Amino acid sequence: MKRRVGILISGGGSNMVALVKSMTGDHPARPVLVVSNDPEASGLEKARALGVATAVVDHRLFGKDRADFEAELDRVLREAGVEIVCLAGFMRILTPEFTRKWAGRMLNIHPSLLPLYKGLHTHARALEAGDGEHGCSVHEVTAELDGGPILGQARIAIDAGDTAQSLAVRLLPMEHALYPAVLRRYAADDRTPVFLSEGISAVS
Ligand code: GAR
């Protein structure tokens, strides 16, 4: 039986596309639903074009009531029989109640070498710190923001002329390689971390 994957997005969904495209053939999982908290997210159309069902749970309709928003999110995921949730550019902070419900079954990709730079503006913060390298991490989601066990990291070098924008552009293809590689292992109950470096495509 293939594991049923739900992917949560808020925007363009390029990581979602990479995940969906990876789940074919002997992959142990299949995408069953893409959910956005933003009805305007362009990733929704990309998911439909790939033949994946979509849903919108618009956080604005729930005002400040995170519990009601998350209850609806949870309902939509369960109704689709989702077993593993992948956060892919999902820009809402989830409460400990929700993360507890999905503990051990929810992943996130974050654009930094965690535990460095949790939260926002990761590229700019790596530059400001004078770091020689940058990267992205896939981790299990726990109640601590960007704090769960790390399942994989991909690294890029920071060059003299880099800007936050150039780092984002170079990092994104690494995200697209890392997240599917981690999900493939995770869906097979293999938690061995995946490590990638720019220019080296093999999965370790
Ligand atoms: C990605 O760079 C992802 O790492 C980041 O948002 C982008 C989404 O792009 N996620 C976060 O910052 C989460 N804190 P995408 O919609 O094209 O996948």
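The structure displayed is predicted, hence computed values, not measured ones. The first residue of the sequence shown is numbered 1, and numbering continues consecutively from there. Basis for what follows: all heavy atoms, side chains included, without hydrogens, waters or symmetry-related copies. Whatever order the structure lists them in is the order used to number ligands and atoms, beginning at 1.
Using a 4.0 Å cut-off between charged nitrogen and carboxylate oxygen, Arg48 and Glu45 count as a salt-bridge pair.
For residues 54-67, the pairs satisfying salt bridge (charged side-chain N to carboxylate O under 4.0 Å, His left out) are Asp38-Arg60, Asp58-Arg60, with sequence neighbours left out.
Proximity of Leu127 to Ile158: side-chain heavy atoms (C-beta onward) are separated by under 4.5 Å at one or more points.
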Could you pull out every donor-acceptor pair under 3.5 Å between side chains of residues 11-22 and any protein atom, sequence neighbours left out?
| residue | atom | partner | partner atom | Å |
| --- | --- | --- | --- | --- |
| Ser14 | OG | His176 | NE2 | 2.8 |
| Asn15 | ND2 | Glu175 | OE1 | 3.0 |
| Ser22 | OG | Leu19 | O | 2.7 |

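Taking Lys101 as the reference, Asp74, Arg78 meet the side chain to side chain contact (heavy atoms under 4.5 Å, CB included) condition, with sequence neighbours excluded.
Pocket lining of ligand 1, defined as residues with a non-hydrogen atom under 4.0 Å away: Gly12, Gly13, Ser14, Asn15, Gly89, Met91, Ile109, His110, Pro111, Leu172, Glu175.
At least one test fails for Arg155 against the ring of Phe195: distance under 6.0 Å to the centre or angle within 45° of the axis.
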